Undergrad: 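Provided herewith is a single structure, encoded as structure tokens, for subsequent inquiry.
The sequence lines fix the lettering, A, B, ..., with proteins before strands; numbering per chain opens at 1. No experiment lies behind these values; they were computed from the predicted model shown.
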Amino acid sequence: MSLIEPDLEKQLQQIQRGTAEIIPENALVEKLKKSIKNNKPLTVKLGLDPTAPDIHLGHTVVLQKLRQFQDLGHQIIIILGDYTGRIGDPTGKSETRKQLMTAELMENAATYQQQIYKVLDAEKTKIVFNSEWLAPLTFEQAINLASKYTVARMLERDDFQKRFKTNLSIGIHEFFYPLMQGYDSVALKADIELGGTDQKFNLLMGRHLQKEYHQEQQIAVMMPILEGLDGTNKMSKSLGNYIGIDEPPHEMYGKIMSMPDQLMLRYFELVTSESVEEIARIATGLQDGSRHPRDIKMRLAREIVSIYHSVQAAKQAEEHFKQVFQQHKNPDEMPVFKITGAVIEDGKVVLPKLLATAKLVSGTSEARRMVKQGAVRINGVVVEDVNLRFVPEPETIIKVGKRKFIKLQAP
RNA sequence: GGAGGAGUUCCCGAGUGGUCAAAGGGAUCAGACUGUAAAUCUGACGGCUAUCGCCUUCGUAGGUUCAAAUCCUACCUCCUCCA
């Protein structure tokens, strides 16, 4: 059993760092005091909706906060919302979400478990499925649960309200989502529930229900929502503006370098463990021009890759980036493509077919398009002929666009 | 239960018999520039094809027509209103 960090101030500071809101803050202090006094860890809960098979940096904002709780000695519990997932969280949605099939949910859940341990300490993490207590509820119990909240209050939620006002449909079952999530807190007797700011309603529902069921109320700790690579929308798999924590170092590094400059500080704050003071220094440096945005961004990329891979992998990714994008040189390593009969005609390699077969482009039409746009180079020379046929020399290097390379190998 | 509306290319969204591979925006990709795969500007953006060409696409299945995303029939899905 790990010990609880005895310094209240230290705990508070750690918990508050980066948070958007804590409701209510004074109750948190009380809980912490009690926990320290009895050396009894607080139960910290996070619900994950297993709809996305890949965890991305957006999820890690909350996970990292959980990790901090772990390090402070508290017990964290991850709830995989296999049962709630059947409804789909209506939060922020303008339309009813489709319900996922159980098999699909289970598969996603398994992936989640693999991935969250890149941030969390596996030894100290408890994972539960909420079907455990939600599935056995009788209809009567479900009705009882539903009676603990009113339609009017439910409609206060702005996503429901918007849909209601604009005559978009709201399924009755969607009202159950917050109720069920709140009931999770009752089932676990949670002390703290973590979530993004978009989860405010659901987190508060937990407090409400706990009160109804005569329990001590949990504290809602909310983290800001991380913007995705486009700089405006929240990071999400479905918007394609995400960085998955499973992605290879090169990819991750490159994606970070491609984010809008204005997003950098946000990432420092929410996905790295850089101190608040240092982030402030960086901000000043950027503002007065004493620091170069590119260098700051590279540092950010280095730090993030280090977290999810290693310091060394980060260095390599950086070298690769410099070489390919700053000096426009070929990378040290590139995929090798063995020439096959399919791309040869009359003893010559047909370029469009080659590009398509090597998956450098999606098809021969796109291959021709790329050549037309001057995006294709053979050994550094821009190709002009859309339908080029050629006999490759050994070690011929083909480049498409800025970042796709292959090295040809004779059959 | 009754009445009405909608389903278009990755997304949003125009298009109501030929001039439609289908406006516009977004996303994406490429080129230029650069400080980076930022920003900005320009261009491309169904597939196949050694340029004129061919094939597939507008919810699904049929039909009318020389010709349909556009008209008709049935079906599926979604939405709204009345009860």
Undergrad: Rounded to whole Å, please give me the gap between CD in A:Gln327 and P in B:A37.
TA: 13 Å
Undergrad: Could you tell me how far B:C10 sits from B:C45 if I compare only their P atoms? Round to whole Å.
TA: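 Roughly 15 Å separates the two P atoms.
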Undergrad: Can you tell me, in whole Å, how much space there is between the P of B:U42 and that of B:G53?
TA: 30 Å
Undergrad: Counting primed atoms plus P, OP1 and OP2 as sugar-phosphate and everything else as base, spell out the protein contacts along nucleotides 26-36 of chain B at 4.0 Å heavy-atom distance: B, S or - for each nucleotide, 5' to 3'.
TA: ---SSS---BB
Undergrad: Taking atom types as modelled and ignoring hydrogens, do the side chains of A:Gln141 and A:Thr138 form a donor-acceptor contact shorter than 3.5 angstrom?
TA: yes
Undergrad: Which residue pairs pass the side-chain hydrogen bond (donor to acceptor under 3.5 Å, both in side chains) test when at least one of the two sits in residues 362-380 of chain A, sequence neighbours left out?
TA: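 Listed once each, the pairs are A:Ser362-A:Glu366, A:Arg368-A:Asn387.
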Undergrad: Measure from NZ or CZ of A:Lys148 to the centre of the six-membered ring of A:Tyr183, then state whether that distance is under 6.0 Å and the direction lies within 45° of the axis.
TA: no
Undergrad: Between B:C11 atom P and A:Asn241 atom CG, what is the distance in whole Å?
TA: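 Atom-to-atom, A:Asn241 to B:C11, this comes out as 17 Å.
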Undergrad: Applying salt bridge (Lys or Arg N to Asp or Glu O under 4.0 Å), can you list everything that pairs with A:Asp191, at least two apart in sequence or on another chain?
TA: A:Lys31
Undergrad: Return the nucleotide paired to B:C33: Watson-Crick means purine N1 to pyrimidine N3 with N6-O4 or O6-N4, wobble means G-U with N1-O2 and O6-N3, both under 3.5 Å.
TA: none
Undergrad: Applying a 3.5 Å limit to both distances, which nucleotide forms a Watson-Crick or G-U wobble pair with B:C20?
TA: none
Undergrad: Return the pairing partner of B:A39 with a 3.5 Å limit on both distances, Watson-Crick or G-U wobble; otherwise return none.
TA: none
Undergrad: Considering residues at least two apart in sequence or located in another chain, which fulfil the salt bridge (Lys or Arg N to Asp or Glu O under 4.0 Å) criterion with A:Arg207?
TA: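 For A:Arg207, no residue satisfies salt bridge (Lys or Arg N to Asp or Glu O under 4.0 Å) once neighbours in sequence are set aside.
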Undergrad: Is there a Watson-Crick or G-U wobble partner for B:C81 with both distances under 3.5 Å, and if so, which one is it?
TA: B:G2
Undergrad: Considering only atom P, compute the distance from B:G25 to B:C76 and round it to an integer number of Å.
TA: 39 Å
Undergrad: Using whole Å, what does the distance between atom P of nucleotide B:A37 and atom CD of A:Glu318 come to?
TA: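 After rounding, the gap between these two atoms is 15 Å.
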Undergrad: Using the C1' atom as the reference point in each nucleotide, state the distance between B:A22 and B:U8 in Å, no decimals.
TA: 9 Å
Undergrad: Taking the P atom of each, how far is B:U65 from B:U60, in whole Å?
TA: 23 Å
Undergrad: Can you tell me if A:Lys65 and A:Thr19 form a side-chain donor-acceptor pair at under 3.5 Å?
TA: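 Side-chain D/A pair, A:Lys65 to A:Thr19: absent.
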Undergrad: Could you tell me how far B:G18 sits from B:U64 if I compare only their C1' atoms? Round to whole Å.
TA: 16 Å
Undergrad: Between B:A14 and B:G7, how far apart are the two P atoms, rounded to whole Å?
TA: 9 Å
Undergrad: Listing time: all N or O pairs from protein to nucleotides 49-55 of chain B that are below 3.5 Å?
TA:
residue, atom, partner, partner atom, Å
B:U49, OP2, A:Thr364, OG1, 2.1
B:U49, OP2, A:Arg368, NH2, 3.1
B:A50, OP2, A:Arg368, NH1, 3.3
B:A50, OP2, A:Arg368, NH2, 3.4
B:A50, O4', A:Asn387, ND2, 3.2

Undergrad: Hydrogens and angles aside, do A:His250 and A:Glu333 bring a side-chain donor and acceptor to less than 3.5 Å of each other?
TA: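 No.
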Undergrad: Which whole number of Å gives the distance between the P atom of B:U9 and that of B:G15?
TA: 16 Å
Undergrad: Taking CD1 from A:Ile243 and P from B:A37, how many angstroms apart are they, rounded to a whole number?
TA: 16 Å
Undergrad: If you look only at pairs with a residue in residues 246-259 of chain A, which of them pass as a salt bridge (charged side-chain N to carboxylate O under 4.0 Å, His left out), with sequence neighbours excluded?
TA: A:Lys118-A:Asp246, A:Glu247-A:Lys255
Undergrad: Expressed as a whole number of angstroms, how long is the span from A:Leu355:CG to B:C48:P?
TA: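 Answer to the nearest Å: 12 Å.
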Undergrad: Round to the nearest Å and state the distance from A:Gln323 atom CD to B:A37 atom P.
TA: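 Whole-Å distance recorded here is 15 Å.
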Undergrad: Ignoring hydrogens and angles, state whether a donor on the side chain of A:Gln218 or A:Glu193 is under 3.5 Å from an acceptor on the partner side chain.
TA: yes
Undergrad: Partner lookup for B:A44, please. Criteria are Watson-Crick or G-U wobble with both distances under 3.5 angstrom; report none if nothing qualifies.
TA: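 The answer is B:U28, by the H-bond criterion.
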Undergrad: Are A:Lys315 and A:Glu318 within salt-bridge range, i.e. N to O under 4.0 Å?
TA: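 Looking at A:Glu318 together with A:Lys315, the answer is no, because their closest N to O distance does not fall below 4.0 Å.
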Undergrad: Counting only Watson-Crick pairs (N1-N3 plus N6-O4 or O6-N4) and G-U wobbles (N1-O2, O6-N3), all under 3.5 Å, who is the partner of B:C75?
TA: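 Pairing partner, where one exists within any strand: B:G59.
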